[in-house]
Amino acid sequence: MLRTIIDRRLICTAFFPFASSSDNTSNDKWVDTSQVKGFLSKYRCYFYDEKGYPTKEVQSVLNVTCAGSATGFILGALYKLKDVPQRFKHENQATLYENKFQYQQNLQRRIEIVTFKAGFPFAMKVGLFCFLFSSMSSFFYVYRGYKFDILNSTFSGAITGFIFKMNMGVKGSIAGTVVGTILGTFYGSVTQFFLWISGAEMENLYEAGAKLMNARRDKIREYAKALKADELSELQKTYIKKQEANEALSKKEKE
């Protein structure tokens, strides 16, 4: 049974589903990659627009994930930093410092270490939660004909809660699903209320976020093109000067 589990063909099939091997030989033969390229090109429009930029739905997922990660980092760091000065002072009561600047330097170093250690893990958790929830919301938004509904957030919260707590077993998954459903419904209700008051649509919010990032990408491209053109002109000038110097040297040698 152990040999069957570690059989190379089964491992290749698990990690490389597009590969196939013959019955009597161990040479792996790859299936034509045109199938993969066809699949990617078919669904590319859902992820990238005609300029090659992420679509407004994908951009919203990126924005929410980055905002959630930054917020989680700040909250996690602030929660641990409130006791750092007092604890550092208590731990170093008997420590002799040459001057107060050395004490401040060590305290600053401790604050930086605690900020990173406390903020990074919490940022990862909050960022992962925001990524899962926003991805599910965008998926249901596109799947249901670009229509925002409270049920989109409800389903997204339920799936996100299930995935986020599935490592805690059946009870944890059920609890995560219930809590995610409640939070998703609350988020959808609040969002629907604000959209109704403002008279806007979710499509407008997606477009606003995408336009902001695309404008930044356009400026970066324009700046890169300008730098490339300047570099090319400088190279051309250098080449011309070099040619003129070579011609002058050749003339002197002939004379």
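In what follows, every heavy atom counts, from backbone to side chain, and hydrogens, waters and symmetry copies are set aside. Counting begins at 1 with the first residue of the sequence.
Annotation: the span from Phe140 atom CZ to Lys147 atom NZ amounts to 15.0 Å, rounded to 0.5 Å. Atoms CD1 and CZ, from Ile159 and Phe139 in turn, are 8.5 Å apart once rounded to the nearest 0.5 Å. Here Leu81 contributes atom CG and Thr115 contributes atom OG1; the two are 4.0 Å apart, rounded to the nearest 0.5 Å. Note: Met168 CE to Ile174 CD1 = 12.5 Å, rounded to the nearest 0.5 Å. To the nearest 0.5 Å, atom CG of residue Asn152 and atom OH of residue Tyr141 are 9.5 Å apart. One distance of note links CZ of Phe155 with CG of Asp149; it measures 9.0 Å at 0.5 Å rounding.
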### Task
Give the C-alpha distance, both sets of side-chain angles, the deciding distance and a yes or no for side-chain hydrogen bond (donor to acceptor under 3.5 Å, both in side chains) between Gln102 and Asn106.
CA-CA 6 Å; Gln102 187 179 4; Asn106 293 339; 5.4 Å; no
- Task: For Arg110 and Glu91, run salt bridge (charged side-chain N to carboxylate O under 4.0 Å, His left out): C-alpha distance rounded to whole Å, both residues' side-chain angles, the deciding distance at 0.1 Å, then the answer.
- Result: CA-CA 12 Å; Arg110 175 70 66 85; Glu91 292 176 354; 3.3 Å; yes
**Item:** Intermediate values then yes/no, ring pair (Phe, Tyr, Trp, His ring centres under 6.0 Å), Phe133 and Tyr187
**Value:** CA-CA 11 Å; Phe133 182 79; Tyr187 167 80; 5.3 Å; yes
Without placing hydrogens or testing angles, list every side-chain donor-acceptor pair under 3.5 Å for residues 68-76, not counting sequence neighbours.
from	atom 1	to	atom 2	distance (Å)
Ser69	OG	Thr65	O	2.9
Thr71	OG1	Ala67	O	2.8

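Across Thr185 and Thr154, no two heavy atoms sit closer than the pair OG1-OG1, 3.0 Å. Across every non-hydrogen atom of Thr160 and Ser156, the tightest pair is OG1-O, 2.7 Å. Residues Lys165 and Gly172 approach most closely at CB-O, 3.3 Å, considering heavy atoms. Of all heavy-atom pairs between Ser153 and Gly184, the closest is CB-O, 3.1 Å. The shortest heavy-atom contact between Gly188 and Ile150 is O-CG1, 3.8 Å. Taking both residues in full, the closest heavy atoms of Ile163 and Met166 are given as O-CG, 3.2 Å, listed atom of the first, atom of the second, then distance.
Distance alone, capped at 3.5 Å, is enough to place a donor-acceptor pair between the Ser60 side chain and the Glu57 backbone.
Cluster annotation: Leu151 is connected to Leu132 through the hydrophobic network of ILVMFWY side chains, with a link wherever side-chain heavy atoms come within less than 4.5 Å. Both Phe164 and Met136 sit in one connected hydrophobic cluster of ILVMFWY residues. Membership requires side-chain heavy atoms under 4.5 Å apart, directly or through other members. In terms of hydrophobic clustering, with Ile, Leu, Val, Met, Phe, Trp and Tyr side chains grouped at heavy-atom distances under 4.5 Å, Phe162 and Leu128 are assigned to a common cluster.
Residues Asn63 and Gln59 form a side-chain contact, since some pair of their non-hydrogen atoms from C-beta on lies under 4.5 Å apart. You'll find the side chain of Ser137 stays beyond 4.5 Å of the side chain of Phe148, heavy atoms only.
In the displayed structure, Phe131 atom CZ is contacted under 6.0 Å by at most 12 heavy atoms of other residues, nucleotides or ligands.
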